[in-house]
Amino acid sequence: QVQLVESGGGLVQPGGSLRLSCAASGRTFSRYFMGWFRQAPGKEREFVTTVSWNGGSVSYADSVKDRFTISRDIGKNTVYLQMNSLKPEDTAVYYCAANSFLSTNVREIDYWGQGTQVTVSS
């Protein structure tokens with residue numbers, strides 16, 4: 001069992017930065033692929049990024065590539081999402097996800113956090 005708690009969301013101006021954190025509980029945290037998804041109002045939840053258990057494999061959605069960076073600290077059971085050059089279209093609830101295999105499919109995810117709101121607006 002893995003429990004995920006996100007933090008770090010908020011309001012930021014276009015072009016600004018935010019860093020989201022996801023604290024995981026459970027002794028098997030290091031065995032899971034970790035990732036972030038997001039859901040904008042009126043839209044389906046979508047893949048943002050994922051990282052393998054050892055950080056060796058990373059994948060990004062095209063819409064965030066070169067702007068967002070995922071990282072994980074196994075010792076702290078925490079995964080981070082650094083978001084730079086934020087755009088209004090990045091506004092969404094961001095969800096941390098844990099999965100036993102690498103997947104970008106919402107329906108295949110094993111565990112979800114409760115979500116944290118990110119609003120990009122002037």
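Atoms considered below: every heavy atom in the structure, side chains included; atoms not considered: hydrogens, waters and symmetry mates. We number each residue from 1, following the sequence as shown.
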Subject >> Hydrophobic cluster partners of I109 (side-chain heavy atoms under 4.5 Å) >> reply: F37, F47, V93, Y95, V106, W112
Original post:
How would you list, by chain and number, every residue that makes a side-chain contact (heavy atoms from CB on, under 4.5 Å) with E46, sequence neighbours excluded?
Top reply: R38
Original post:
Where is the tightest heavy-atom contact between S85 and R67, given as atom of each residue plus distance?
Top reply: O-NH1, 3.0 Å
**OP:** Keeping to residues at least two apart or across chains, list the ring-ring contact (aromatic ring centres under 6.0 Å, His included) pairs with something in residues 54-89.
**Re:** none
Subject >> Shortest non-hydrogen contact between T78 and S21, atoms and distance >> reply: CG2-CB, 4.4 Å
**OP:** Not counting sequence neighbours, list each pair that qualifies as a disulfide (SG to SG under 2.5 Å) and has a residue in residues 54-122.
**Re:** C22-C96
Original post:
More than 12 non-hydrogen atoms from neighbouring residues, nucleotides or ligands closer than 6.0 Å to CD on E89, yes or no?
Top reply: yes
Original post:
Just how far is it from atom CD1 of I70 to atom OG of S59, taken to the nearest 0.5 Å?
Top reply: 9.5 Å
Original post:
Can you list every disulfide (SG to SG under 2.5 Å) pair that touches residues 43-95, not counting sequence neighbours?
Top reply: none
**OP:** Could you walk me through whether M83 and D90 pass side-chain contact (heavy atoms from CB on, under 4.5 Å), step by step?
**Re:** CA-CA 9 Å; M83 305 185 293; D90 294 318; over 6 Å; no
Subject >> Test side-chain contact (heavy atoms from CB on, under 4.5 Å) applied to V12 - qualifying residues, sequence neighbours left out >> reply: L18, L86, V120
Original post:
Quick one: salt bridge (Lys or Arg N to Asp or Glu O under 4.0 Å) pairs with a partner in residues 99-122, sequence neighbours left out?
Top reply: none
Subject >> Qualifying residues under salt bridge (charged side-chain N to carboxylate O under 4.0 Å, His left out), relative to K43, sequence neighbours excluded >> reply: none
Subject >> Remaining members of the apolar cluster that contains L11, side-chain heavy atoms under 4.5 Å >> reply: none
**OP:** Heavy atoms only: give me the nearest P14-S122 pair and the separation to one decimal.
**Re:** CD-N, 3.7 Å
Original post:
Roughly how far apart are N54 CG and R72 CZ, rounded to 0.5 Å?
Top reply: 8.5 Å
Subject >> Distance (rounded to the nearest 0.5 Å) between F33 CZ and L102 CG >> reply: 5.0 Å
Original post:
What's the shortest heavy-atom distance between V2 and A24, and which atoms?
Top reply: CG1-CB, 4.3 Å
Original post:
Quick one: CG on L20 to CD on Q82, what's the gap to the nearest 0.5 Å?
Top reply: 9.0 Å
Subject >> Which residues share a side chain to side chain donor-acceptor pair (under 3.5 Å) with N105, sequence neighbours left out >> reply: none
**OP:** Quick one: pull up CD in Q3 and CD in Q114 and give me the separation to the nearest 0.5 Å.
**Re:** 11.0 Å
Subject >> Note: D62-K65 ion pair, threshold 4.0 Å (strictly below) >> reply: yes
Subject >> R19: partners by salt bridge (charged side-chain N to carboxylate O under 4.0 Å, His left out), with sequence neighbours left out >> reply: none
Original post:
Can you name the residues that form a salt bridge (charged side-chain N to carboxylate O under 4.0 Å, His left out) with D66, not counting sequence neighbours?
Top reply: none
**OP:** State, to 0.1 Å, how close L81 and Y94 come at their nearest heavy-atom pair, and which atoms those are.
**Re:** CD2-CD2, 4.1 Å
